[in-house]
Amino acid sequence: MADAAKPILLSGIQPSGQLCLGNYLGAIKNWVGLQDSHDSIFLVVDMHALTVKQNPAELRKRCLSFVAQYIACGIDPKKSTIVIQSHVPQHSELMWILSSITSMGELNRMTQFKDKSKKHAANINAGLFTYPILMAADILLYQADLVPVGADQKQHLELSRDLAHRFNTQYSDTFTIPEPYIPKSGARVMSLQDPEKKMSKSDENLNNLITLLDSPDVARKKVKRAVTDSGSEIKLDDSRPGISNLLQIYSLISGNSIASIETEFEGKMYSDFKEVLGNSIAEFLTPIQHEYNRVIQDKSYLESVLNQGAENAYYRARKTLTKVYRKVGFISPAR
Ligand code: TRP
């Protein structure tokens, strides 16, 4: 698992809402492709999720479900480390240290904080504000070289790089400066009803997203209902975000190029295309759900994956944190 020769890759998803096609095509699919060439750590960031109100029983269930979905999508616990953030106490410990070298101004500039403050105006808590420092801790704790993130997280990653650099300059070389990894295929899956915005797993309107656990029938129905633009051609076109989004999804799922799909559906109707797309999504989801159902029922297997993940992560995290504590001038506790 921990292979010194391989670059370290780290990413994570918040256990809120339901994992959707956007998460798979934009993130998890790439993780699966990178896990052989990288020493990979995949987090379920339950501590981040607390920045918006959660139902405790549901959060607990969702964390396990996300882990099972990671595995069902092809993350192999034998190759990669799967960790629940709260299982490794060093995340919050490093966060505290990093808090003291982060300025209020830097956090104030974070667009996600501004957006979330608007969306959750009744609950603008300090955690929402310091969220990016915890994310930096997630990354720097494991000396990650590469961090696959969506465009909306680039600013947070930039802060992580700045903090690593600042700490290294102020004390001495300690942290690897992480590089963002922006997927080549430009996989940005958009909402089905509102294709100007990203498909989000936390969207309240479930017609906007196809979740990885939607039944094939539900998935087909959602595709049928997806907004398309006026016009009838099945062509990639910036001025027609609806059909363009569906084309991108089909291309990513089938592996066929956009150009070949355009040729395939020349002269055909939106409804023809949607039927093919709906079927291909259903076909794609079926084996994932099959594997998911197997894994989620095998509690002892899930437990062993999480124990192993936590143990491996804890060992690595402690190594970094011990170094950090020494550098900032903390005395090691007497034993
Ligand atoms: N903030 C990220 C998001 O909302 C999730 C996240 C937390 C993350 N820690 C991370 C992503 C570390 C990459 C690396 O998408």
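For ligands, and for the atoms within them, numbers begin at 1 and follow the listed sequence. Each residue takes its place number in the sequence, starting with 1.
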Set of residues that line ligand 1, where lining means a heavy atom lies under 4.0 Å from it
Leu10, Ser11, Gly12, Gln14, Val45, His48, Tyr131, Met135, Asp138, Ile139, Val147, Val149, Gln153
Quick test of your reading: applying ring pair (Phe, Tyr, Trp, His ring centres under 6.0 Å), list the pairs with at least one residue in residues 202-231, sequence neighbours left out, ordered by first then second residue.
none
Could you name each residue pair satisfying ring pair (Phe, Tyr, Trp, His ring centres under 6.0 Å) that touches residues 53-98, not counting sequence neighbours?
Trp31-Tyr70, His91-Tyr142
Using atom types as modelled, flag every donor-acceptor pair under 3.5 Å from a side chain in residues 41-50 to any protein atom, sequence neighbours excluded.
from, atom 1, to, atom 2, distance (Å)
Asp46, OD1, Ser86, N, 3.0
Asp46, OD2, Ser86, OG, 2.5
His48, ND1, Gln85, NE2, 3.3
His48, NE2, Tyr131, O, 3.2
His48, NE2, Met135, N, 3.4

Using a strict cut-off of less than 4.0 Å between a Lys/Arg side-chain nitrogen and an Asp/Glu carboxylate oxygen, indicate whether Lys197 and Asp203 qualify as a salt bridge.
yes
Does a side-chain N-to-carboxylate-O contact under 4.0 Å join Arg166 and Glu106?
yes
Quick one, Gln14 and Lys201 - any side-chain contact, counting heavy atoms below 4.5 Å?
yes
